[in-house]
**Q** 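Structure below; questions to follow.
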Amino acid sequence: MPLDNNKPVSKTKGSRRRNQANEEVSSPPMLRFDSDVDIMPPHLRKRLHDLFGQIEKEFENLYAENLALQERLDAQTERVEATNREPNSMDNTDTSDVNLKPKRSASQISQKIKTTYKASTSKFVSSFRNSSLLFSVVRKFEGHRDGIWEVMVSRASHPGQQVLGTASADHSARIWSIQTQQCALQYLGHQGSVNSIRFHPERELALTSSGDRTAHIWGAHVTLPESSKRFGRAVSVDDDVDNSEKEEQQEAESVEQAWEAATLRTPSMELTGHTGVVVAADWMMEGNQVITASWDRTAILFDAETGDQITCLTGHDQELTDVRAHHSQRLVVTSSKDTTFRLWDFRSPSMQVNVCQGHNQPVTSALFAGSDKVVSGSDDRTVKVWDVKNMRSPLAAIRIDSSVNRLAVSSSQSLIAIPHDNRHIRIYDINGNRIGRLPRSNRQGHSKMVTSVAWTEDHPVCNLFSCGFDRKVLGWNINLREKD
């Protein structure tokens, strides 16, 4: 299909992942007619007028019926209020025969039910909480011209030296300095929406997938400005600091202003073979192979050095939505719109496949948690935790109020971060216990749907990143405090 490469892709809540701005069909030429020429036959015009007349009559009947119902409701309300006043006015009457309680209006009863339900459920839920969540937004990254599909953190050899990667519908991927919140490298090699970005487990390489039906491997080496190495946090000149600190900060700002992001347009390796949108790609544990997932309902294992196809994984009945590789074993999990996710075991010569049918809507994300668990999220508004050795029933099931996008699991604390269409980010532990919810206000949080989250274990300031279709990435400081 032809691609309109000059038009940024918009995003609505109803379309979100399903129309990832990957292949845009050219619209047919518009027909123009002279407004003075009546091209509609008379019998069709008469028929159209009759239909509009019937619609108007139906609305009139509905309006009259609503008025009658409103009058009956007002009369009933007056009778209830009069009944409530009668016991108070019987000063000289024997009230021993009046044993009935004053009646309440429908609105009062409804409010009472809501209050009682809220109090009871709050008490019930709080009895299961043994920790509280403290959070704050400490970083903000802006620069993409369209929605961001995925955020990922590199694996640094030294703490505090990670960089941030983002994949966007604006046909670009970016590498960011976490300290300065500035873009260090912009990759413009794709001809369609960039749907995912993953970093090599050891080398400074990035892997991106795109709506142009390819996956690219490219160099992600960046040189960060000196200010990012010298300053651990952003300091305002208006802060209460001494003159020497102000001078250092002003010097850092001048360095950052002169530092412009590099641009890369050519990949080190282009991986081709899919006939549909490549929605995700990930590195195998050794880093010498790559697994891709596509809307053509297949996943392909590539040799990362030569670009040759090793094997094609088939079996899903509908488009794939994500693919993740195990960090220490030759295991891969693919998720699909066919409501299943599949566990592919490459450890034995004869590859084994385990199909999990634990959801009733498209599975939007499935990834490994630790060495022996898989966490899956779906449009059926559930997140489930599974044992790799026994996937007949989940170890834990989390029910929420919105569809789930690409989630993340913290390896150190076993926390699950769940991004939603409704702009929320919820935090649960691996056992399915609710920890807390991050805000979605304009002052703090995302203003549009959250598409992806990523934990980092080593950075001293940020330990969770989130991105969405408000075109920004937020860096959060999440602190889990145990209750007394």
**Q** Please confirm whether the backbone N or O of S447 pairs with a side-chain atom of D470, one donor and one acceptor, at under 3.5 Å?
**A** yes
**Q** To the nearest 0.5 Å, how far apart are CZ in F135 and CD1 in I427?
**A** 10.0 Å
**Q** Does a side-chain heavy-atom distance below 4.5 Å link W149 with S452?
**A** no
**Q** Side chains of Q179 and R139: is there a donor and an acceptor less than 3.5 Å apart?
**A** yes
**Q** Over all heavy atoms of both residues, which pair between I418 and L407 is shortest? Give the atoms and the distance, please.
**A** CA-CB, 4.4 Å
**Q** Run the salt-bridge test on E319 and R297 with the 4.0 Å N-O cut-off and return the result as yes or no.
**A** no
**Q** Below 4.5 Å, heavy atoms only, C-beta onward: do I310 and Q289 meet side chain to side chain?
**A** yes
**Q** Any carboxylate oxygen within less than 4.0 angstrom of a Lys/Arg side-chain nitrogen, looking at R399 and D380?
**A** no
**Q** Nearest 0.5 Å, please: how far is CE in M152 from OG1 in T456?
**A** 11.5 Å
**Q** Against D322, only a single residue in K337, R342, R198 fulfils salt bridge (charged side-chain N to carboxylate O under 4.0 Å, His left out); can you say which?
**A** R198
**Q** Taking the six-membered ring where the residue is Trp, are the ring centres of H144 and F141 under 6.0 Å apart?
**A** no
**Q** For the side chain of S168 and the backbone of G147, is there at least one donor-acceptor N/O pair under 3.5 Å apart?
**A** yes
**Q** Roughly how far apart are T263 OG1 and L185 CG, rounded to 0.5 Å?
**A** 7.5 Å
**Q** Output yes when K389 and D387 qualify as a salt bridge under the 4.0 Å nitrogen-oxygen rule, no when they do not.
**A** no
**Q** If you take all heavy atoms of D282 and A325, which pair is closest and at what distance?
**A** OD2-N, 3.0 Å
**Q** Do the charged groups of R203 and E305 touch, with an N to O distance under 4.0 Å?
**A** yes
**Q** Between V332 and M284, does the side chain to side chain contact (heavy atoms under 4.5 Å, CB included) criterion hold? Intermediate values first, please.
**A** CA-CA 8 Å; V332 169; M284 297 295 286; 3.5 Å; yes
**Q** Of the non-hydrogen atoms in A369 and V409, which two are nearest, and what is the gap between them?
**A** CB-CG1, 3.8 Å
**Q** Of all the heavy-atom pairs spanning I197 and A173, show the shortest one and how long it is.
**A** CD1-CB, 4.3 Å
